[in-house]
Amino acid sequence: MPVAELLLIAAAGAYLATARCGVLTPSARADINRAVYAVFTPALMLASLAGTVTLRDVLAWWFMPVNIGIAFLAGGGLGWVAVLLLRPPHCRSSSGGSSSPPALPDGNPFGLPKKICSGHGLSYASFSMALGGVYIWTYTHSVMKRSGEAYRRMRQATSITPVACVIDPKEPVIPKEEKEHNGCGGPTAISTTPSQSIAGAGKEEHEILVPLLSGSSNHHQSAESKSLWWKVKQGTRQMTQELTSPPTTGAVIGLVIGTVPWLRSVFVGSNAPLRAVQDALKLLGNGTIPCLMLILGGNLTKGVRKTKVPPAVVAAIICVRYVILPLVGVAVVRAAREMGFLPPDPLYQYTLMMHFAVPPAMSIGTMSQLYDVGQEECSVILLWTYLVAALALTVWSTVFMWILQ
């Protein structure tokens with residue numbers, strides 16, 4: 001049901017982006033995406049963590065960040081292997097799967113009272129969402145940002161066109177040794193007759209283009225000559241920017257509020273003096289998923305018609321996401337349980353296994369929109385993975401609960 005609801009919202013976004021409706025134009029989707037990045041996602045993480053996670057929970061659930069890290073490493077590694085084998089065009093940054101928070105079912109499948117099961121499940125999901133958000137907005141965000149910059153540089157390089165000199169056909173042919181003293185381009189210009197220009201096009205193209213691009217080679221030489229200290233400063237600055245992105249900052253603030261008792265009493269609870277702030281953040285956070293799915297549906301209107309994602313790539317991503325990774329998750333959780341790293345709570349162990357079986361995080365769509373790279377490809381991949389998730393989540397939930405009986 002949750003997957004069906006998300007797909008219905010995506011269908012609404014696809015209709016709103018059609019020419020007939022014209023509400024979700026490309027500029028409107030970009031504006032909504034920036035609001036999701038800077039406002040909705042940080043509010044969601046802050047409110048969820050502050051309201052559901054305590055210091056005792058963080059200490060007791062120390063294996064959860066390790067488990068999510070393993071899921072990221074396994075998913076990213078398998079994704080890059082699929083990319084290297086299949087070599088999809090222009091969608092390398094969209095193929096590596098990443099973990100998103102699990103949607104835990106309400107009810108009593110683990111022998112616990114419904115109220116306790118729902119409360120614990122919400123805490124596990126909130127903590128998972130915050131930890132996953134930190135991984136996504138640091139590691140995955142860095143990958144998407146570098147991919148976007150590389151794609152823009154490639155696009156700019158391919159847009160460079162040769163500069164041609166206008167040759168007067170009445171001008172006589174000038175010998176090669178005198179060319180450096182004549183022509184329209186100073187020392188690098190070349191004068192020929194029309195027939196010679198056509199016959200020697202390949203040769204002349206090389207003679208013209210190499211001097212014109214000499215500035216680029218000088219630029220690369222100057223870049224290589226920069227000091228190591230400058231490179232270290234640039235790397236530190238980039239890492240700081242990624243760690244202080246709005247979603248990561250919201251997660252850190254929410255974790256601090258939730259784990260510091262006096263701060264928690266100020267913001268969380270019916271008697272908290274600043275509970276209105278917490279309620280306002282919840283309202284903002286509730287808009288994150290609908291906005292992301294509307295943007296996803298809007299991008300699909302162009303992505304489905306113009307997609308460059310081969311079916312083999314989509315099949316490989318689905319196989320990695322819903323076949324290989326869940327098996328890895330079962331092995332990891334069972335090994336951790338045998339070594340005594342996990343509490344005996346079956347719902348907690350179920351959550352750890354679900355980290356390996358959920359669909360790719362929708363935040364990847366936000367990043368592709370932010371850096372204008374692979375938007376249509378990412379939308380198509382997310383569409384197919386969420387369609388398959390309706391069946392895959394049902395199957396793996398049943399398998400995980402059977403294992404944990």
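The first residue in the sequence is number 1, and the count goes up from there. The model shown is predicted, which means the values in this text are computed figures rather than measured ones.
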Pairwise side-chain contact, T351 with S128, heavy-atom cut-off 4.5 Å (strictly under)
yes
With sequence neighbours left out, what residues match T25 under side-chain hydrogen bond (donor to acceptor under 3.5 Å, both in side chains)?
S27
Taking side-chain hydrogen bond (donor to acceptor under 3.5 Å, both in side chains) as the definition, give me every residue that meets it alongside T18, ordered by chain and number, with sequence neighbours left out.
none
Any side-chain heavy atom of P273 within less than 4.5 Å of one from V266?
yes
Minimum heavy-atom separation for P290 to I9, with atom names?
O-CG2, 3.7 Å
Do you know which two heavy atoms are closest between L393 and A357, and how far apart they sit?
CD2-O, 3.5 Å
Quick one: salt bridge (charged side-chain N to carboxylate O under 4.0 Å, His left out) pairs with a partner in residues 34-52, sequence neighbours left out?
D31-R34
Applying side chain to side chain contact (heavy atoms under 4.5 Å, CB included) to V277 and not counting sequence neighbours gives F267, L274, L281
Hey, what do you get for CD1 (I381) to CG (L296), rounding to the nearest 0.5 Å?
11.5 Å
Would you list the atom pairs, donor with acceptor, under 3.5 Å between side chains in residues 63-71 and any protein atom, with sequence neighbours excluded?
| residue | atom | partner | partner atom | Å |
| --- | --- | --- | --- | --- |
| N67 | ND2 | L352 | O | 3.0 |
| N67 | ND2 | H355 | ND1 | 2.9 |

Check side chain to side chain contact (heavy atoms under 4.5 Å, CB included) between L73 and all other residues, then give those that pass, not counting sequence neighbours.
none
Contacts of type side chain to side chain contact (heavy atoms under 4.5 Å, CB included), residue V58, not counting sequence neighbours
V53, F127, L255, T259
Near-ring test F356/W396, centroid separation under 6.0 angstrom:
no
The side chain to side chain contact (heavy atoms under 4.5 Å, CB included) partners of L44 (sequence neighbours excluded) come to S48, M129, T288
Would you say the side-chain atoms of R29 pair up with the backbone N or O of L24, donor to acceptor, closer than 3.5 Å?
yes
What's the shortest heavy-atom distance between V320 and P326, and which atoms?
O-CD, 4.4 Å
Would a 4.5 Å heavy-atom cut-off, applied to side chains only, mark I403 and M353 as touching?
yes
Ring pair (Phe, Tyr, Trp, His ring centres under 6.0 Å) partners of W402, counting only residues at least two apart:
none
What verdict does the side-chain contact (heavy atoms from CB on, under 4.5 Å) test give for Y124 and Y350, after you've listed the backbone C-alpha separation in whole Å, the side-chain angles of each residue and the deciding distance to 0.1 Å?
CA-CA 10 Å; Y124 296 153; Y350 170 83; over 6 Å; no
Sequence-distant partners of Q349, side-chain hydrogen bond (donor to acceptor under 3.5 Å, both in side chains), two or more places apart
R337
Drop me the distance from L347's CG to M354's CE, to the nearest 0.5 angstrom.
11.0 Å
For the atom pair OH (Y386) and CG (L7), what is the distance rounded to the nearest 0.5 Å?
9.5 Å
Looking only at heavy atoms, what is the nearest atom pair of G298 and A17, with distance?
CA-CB, 3.5 Å
How long is the span from the CG atom in L387 to the CG atom in L6, to the nearest 0.5 Å?
11.0 Å
Which residues pass the ring pair (Phe, Tyr, Trp, His ring centres under 6.0 Å) test with Y322, sequence neighbours left out?
none
Quick one: does any side-chain atom of Y37 pair with a main-chain N or O of I32 as donor and acceptor, under 3.5 Å?
no
Looking only at heavy atoms, the pair that brings L404 and P346 closest together is CD1-O, 3.4 Å
Contact summary for L382 and T385, nearest pair of heavy atoms:
O-OG1, 3.0 Å
Among all residues two or more places apart in sequence or in another chain, which pass the ring pair (Phe, Tyr, Trp, His ring centres under 6.0 Å) test with Y15?
none
Roughly how far, to the nearest 0.5 Å, is the CG atom of L55 from the CZ atom of R264?
11.0 Å
Apply side-chain contact (heavy atoms from CB on, under 4.5 Å) to residues R321 and L78 and explain how you reach the verdict.
CA-CA 9 Å; R321 184 73 264 180; L78 292 171; over 6 Å; no
Sub-3.5 Å donor-acceptor pair from the side chain of R334 to the main-chain atoms of A331, do we have one?
no
